[in-house]
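Each chain gets a letter, A, B and so on, in the order its sequence line appears, and its residues count up from 1. Just the heavy atoms: all of them, side chains too, but no hydrogens, waters or symmetry mates, feed the values below. Values in this document were obtained by computation on a predicted structure and should not be read as measured data.
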Protein chains: 2
Amino acid sequence: MVRRTQAERSGTTTAQLVAAAEELFGRNGYAAASLDAVAAAAGVTKGAAYHHFPAGKTALFRAVFVRHQERLADALAEAGAAAPDPRAALLAGARTFLEHCLDPAFRRIVLLDGPSVLGWEEVREIEYGYALRVLRAAMEDAVRADGGTPDTALTARCQLVFGALCEAGMLLARAEDPEAVLPVVVGEAGRLLGA
Amino acid sequence: MVRRTQAERSGTTTAQLVAAAEELFGRNGYAAASLDAVAAAAGVTKGAAYHHFPAGKTALFRAVFVRHQERLADALAEAGAAAPDPRAALLAGARTFLEHCLDPAFRRIVLLDGPSVLGWEEVREIEYGYALRVLRAAMEDAVRADGGTPDTALTARCQLVFGALCEAGMLLARAEDPEAVLPVVVGEAGRLLGA
DNA sequence: TCCGGTTGCATACCCTCGGTATGGAAGTGA
DNA sequence: TCACTTCCATACCGAGGGTATGCAACCGGA
């Protein structure tokens with residue numbers, strides 16, 4: 001191995017750590033995956049994990065959670081940009097979110113373990129920087145396109161819609177044929193968005 | 001202590017166990033409360049806990065979860081029966097649910113830890129026997145009162161509304177003055193129910 | 001190029017906690 | 001009274017999160 005800079009060493013190990021954590025947390029859940037197992041899967045030991053994530057296991061989980069949010073927000077922004085009008089953008093975003101929910105790892109991390117491990121408050125705070133920000137902006141656009149003016153209750157409404165979408169995602173995953181049920185759920189979501 | 005029958009001994013200890021578990025799980029969450037602590041708070045030891053709940057800690061949590069559901073379902077039924085018409089019953093039920101969400105222990109057990117500990121599937125299965133059953137019946141009544149006929153999508157719609165209500169409950173708790181925000185959230189929930 | 005200081009990480013250890021095994025006391029039916 | 005079951009405490013085990021220590025790899029200046 002050639003001489004590597006500290007930033008390189010640190011960067012690769014943290015990346016491997018987060019990747020391994022995403023894999024194990026996503027597969028069996030937060031509680032079932034031990035830190036030793038995550039570190040071993042990353043090719044290091046627990047010492048390295050605590051060096052880069054002094055706050056411990058929850059900090060590692062938080063990094064994984066943020067990673068999922070980043071990918072989701074990117075996909076949402078892309079879907080919204082491709083839509084012809086604000087209302088279509090909303091529906092496309094809902095569909096994109098539900099498609100992400102088809103991934104068991106996404107559901108485990110974002111919908112199931114997230115609130116329990118990080119607390120509801122922190123989870124929503126993080127999401128306000130990613131998916132929820134996109135959703136809120138899309139709803140504002142839709143309201144303006146309908147000739148209305150965004151009011152203070154819009155934030156609450158945005159959040160309720162988000163809750164419904166999360167539930168829809170879980171419902172979708174429970175179905176025996178998710179692909180077939182997706183249009184139905186998207187339709188119901190669209191009905192809710194007509195408020 | 002006079003001579004007590006086995007059923008009495010068993011009944012009192014399980015009741016104390018569940019009561020202590022409800023207290024500790026509700027206060028600090030499932031992971032933070034150890035089984036030893038719960039048993040000690042109930043005045044017994046871990047041996048008694050495993051005797052009455054062979055499946056261990058999760059079984060005890062499940063009992064606490066079901067207890068909360070029973071109380072909630074009772075309150076919902078009561079609120080619905082007192083309402084003049086199906087639509088008012090729906091709104092009253094939503095309000096009742098949100099009032100329950102003002103209790104931090106309820107939020108921890110039912111909304112936060114429940115899905116993570118028991119799994120989303122089992123949680124919703126239990127809730128279908130309590131709160132979700134009441135909600136669904138109320139929505140059917142409301143649809144019929146509007147001259148419509150309940151269709152297959154009603155189950156999905158019921159679930160989406162429930163998701164929105166859960167999110168509303170958390171949102172409500174986060175507010176600095178929950179009592180003042182309650183009407184606003186109830187109004188938004190009513191808007192969603194108008195679908 | 002050398003060399004104190006810092007960073008990256010492994011090894012060894014402690015402690016809490018969920019779960020199991022065992023023994024004995026309290027109740028039960030005959 | 002006496003076998004038998006139920007109830008529950010005590011003692012123990014292993015896994016896992018977190019900490020302490022020590023060494024090797026980098027860094028920055030003389």
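At a threshold of 4.0 angstrom between heavy atoms, the contacts of A:Ala39 with the nucleic acid are absent. Residue contacts for A:Thr45: at a heavy-atom cut-off of 4.0 Å it reaches a base atom on one of the strands shown. Counting any heavy atom pair closer than 4.0 Å across all strands shown, B:Ala33 reaches sugar-phosphate atoms only and no base atom.
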For this session: Might you work through the salt bridge (Lys or Arg N to Asp or Glu O under 4.0 Å) test for B:Glu122 and B:Arg62, ending with a clear yes or no?
Result: CA-CA 10 Å; B:Glu122 186 174 358; B:Arg62 194 182 194 279; 2.4 Å; yes
For this session: Assess whether salt bridge (Lys or Arg N to Asp or Glu O under 4.0 Å) is satisfied between B:Glu22 and B:Arg71, documenting all intermediate values.
Result: CA-CA 13 Å; B:Glu22 182 176 341; B:Arg71 285 200 290 261; 2.5 Å; yes
For this session: Output, in order, the C-alpha distance, side-chain angles, deciding distance and verdict of salt bridge (Lys or Arg N to Asp or Glu O under 4.0 Å) for B:Arg124 and A:Glu167.
Result: CA-CA 10 Å; B:Arg124 289 301 180 261; A:Glu167 189 75 16; 2.6 Å; yes
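Closest-nucleotide positions on DNA chain D for A:Ala32 and A:Gly47 were compared, and the one nearer the 5' end corresponds to A:Ala32.
Nearest heavy atoms, A:His52 versus A:Ser10: CE1-OG, 3.1 Å. Minimum interatomic distance between B:Leu112 and A:Ser116 (heavy atoms only, all atoms of both residues): O-CB, 3.8 Å. The two residues A:Ala73 and A:Ala131 make their nearest non-hydrogen contact at CB-N, 4.2 Å.
A straight line from NZ of B:Lys46 to C1' of D:dC13 spans 10 Å, rounded to a whole angstrom. Between A:Arg4 atom CZ and D:dC27 atom C1' there is a gap of 16 Å when expressed in whole angstrom units. The CG-P distance, from A:Leu35 to C:dC13, rounds to 20 Å in whole Å. As a whole-Å value, the separation of A:Asp36 CG from D:dT19 P is 14 Å.
Non-hydrogen atoms lying under 4.0 Å from DNA chain C are contributed by A:Ala48, A:His51, A:His52, all within residues 48-68 of chain A. Annotation: proximity of residues 8-20 of chain B to DNA chain C (heavy atom, distance under 4.0 Å) is found for B:Arg9, numbered in ascending order.
Using the six-membered ring where Trp is involved, B:Phe106 and B:His68 have ring planes that are perpendicular, over 60° apart on the 30 and 60° scheme. A tilted orientation is assigned to the rings of B:Phe25 and B:Tyr30, their planes being inclined by 30° to 60°.
Note on residues 94-105 of chain A: pairs passing side-chain hydrogen bond (donor to acceptor under 3.5 Å, both in side chains), not counting sequence neighbours, are A:Arg95-A:Glu99.
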